[in-house]
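As the structure is a computational prediction, the values presented were derived from the model and not from experiment.
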Amino acid sequence: DAIPGEEVCPFALGGLDAETRPLPTVLHLCHRYGVGDRAFFAKTKVPTDFFSCGSPLLEEPATDIGSGKYLYKKPPFLDAKVQYSAVVEKREAFMICASIGFLNEAASYYKSRHCEGDANLKKEIGLHDLPE
């Protein structure tokens, strides 16, 4: 909660540094996280071949999520909006950005070690629109 809203996603995507900002002790990916129309993360929607040379990386959300601009989420495949407080939006944004940042960093590391010149590093997988 101590990270300013407009800095939540850039900080979480860019490598979490406990020296510059206070961080939660544990990130428990226990449910789906969403902000606005498309920013979304659910561990069950990450493709099973994500850690392969040919799989693209996860699409990064808009860096202004968490800023108070999107006080709602639109769950995938539902015609509904769930309203949020600014604090909940910021927390959801942190989880989305940190999770996507962690997975993309891990996949990039894997690809740099195991994919000789044919690593797909495009950030194209949007979890919001993937089927269950």
(Q) Nearest 0.5 Å, please: how far is NZ in Lys81 from CD in Gln83? (A) 7.0 Å
Q: Check Ile96 against Ala39 and note the closest heavy-atom contact, atom names and distance.
A: CD1-O, 3.7 Å
Q) Heavy-atom distance under 4.5 Å between the side chains of Asn120 and Cys53, does that happen here? A) no
Q.
Can you give me the closest heavy-atom contact between Ile125 and Ser55, atom names plus distance?
A. CD1-OG, 3.7 Å
Q) Got a second to check how far Leu13's CG is from Asn104's CG, nearest 0.5 Å? A) 8.0 Å
Q) Quick one: are Arg32 and Pro76 in side-chain contact, heavy atoms under 4.5 Å? A) yes
Q) Do you reckon Leu103 sits in the same ILVMFWY cluster as Leu130, going by side-chain contacts under 4.5 Å, direct or chained? A) yes
**Q.** Joint cluster assignment, Val87 & Phe94, ILVMFWY side-chain distance < 4.5 Å
**A.** no
Q) Residues two or more places apart in sequence or in another chain: which of them pass ring-ring contact (aromatic ring centres under 6.0 Å, His included) with Tyr70? A) none
Q. Out of His128, Arg38, Glu124, which residue meets the side-chain contact (heavy atoms from CB on, under 4.5 Å) rule with Glu59?
A. Arg38
(Q) Using side-chain heavy atoms (C-beta onward) and a distance below 4.5 Å, is Ser99 in contact with Leu27? (A) no
Q: Could you grab the distance from atom OH of Tyr110 to atom SG of Cys115, nearest 0.5 Å is fine?
A: 5.5 Å
Q) When rounded to the nearest 0.5 angstrom, what distance separates CG in Asp64 from NZ in Lys69? A) 4.5 Å
Q. Shortest non-hydrogen contact from Ala107 to Phe50?
A. CB-CE2, 3.6 Å
Q. Would you call Leu57 and Ser108 a side-chain contact if the rule is heavy atoms closer than 4.5 Å?
A. yes
Q: Apply side-chain contact (heavy atoms from CB on, under 4.5 Å) to Lys73 and list each qualifying residue two or more places apart in sequence or on a separate chain.
A: Pro75, Val82, Tyr84
Q: With sequence neighbours excluded, give me every salt bridge (Lys or Arg N to Asp or Glu O under 4.0 Å) pair touching residues 105-123.
A: Glu60-Lys123
Q) If you take all heavy atoms of Cys9 and Pro61, which pair is closest and at what distance? A) SG-CG, 3.9 Å
Q. Tyr109 and Val46: same hydrophobic cluster, using ILVMFWY side-chain contacts below 4.5 Å?
A. no
Q) Atom NZ of Lys74 and atom CZ of Phe40: how far apart are they, to the nearest 0.5 Å? A) 13.5 Å
Q: Considering non-hydrogen atoms only, spot the tightest contact between Ile3 and Lys90 and give its length.
A: O-NZ, 3.0 Å
Q. At their closest point, which heavy atom of Glu92 faces which heavy atom of Tyr33, and how far apart are they?
A. OE1-CA, 3.1 Å
Q: Drop me the distance from Phe102's CZ to Leu58's CG, to the nearest 0.5 angstrom.
A: 13.0 Å
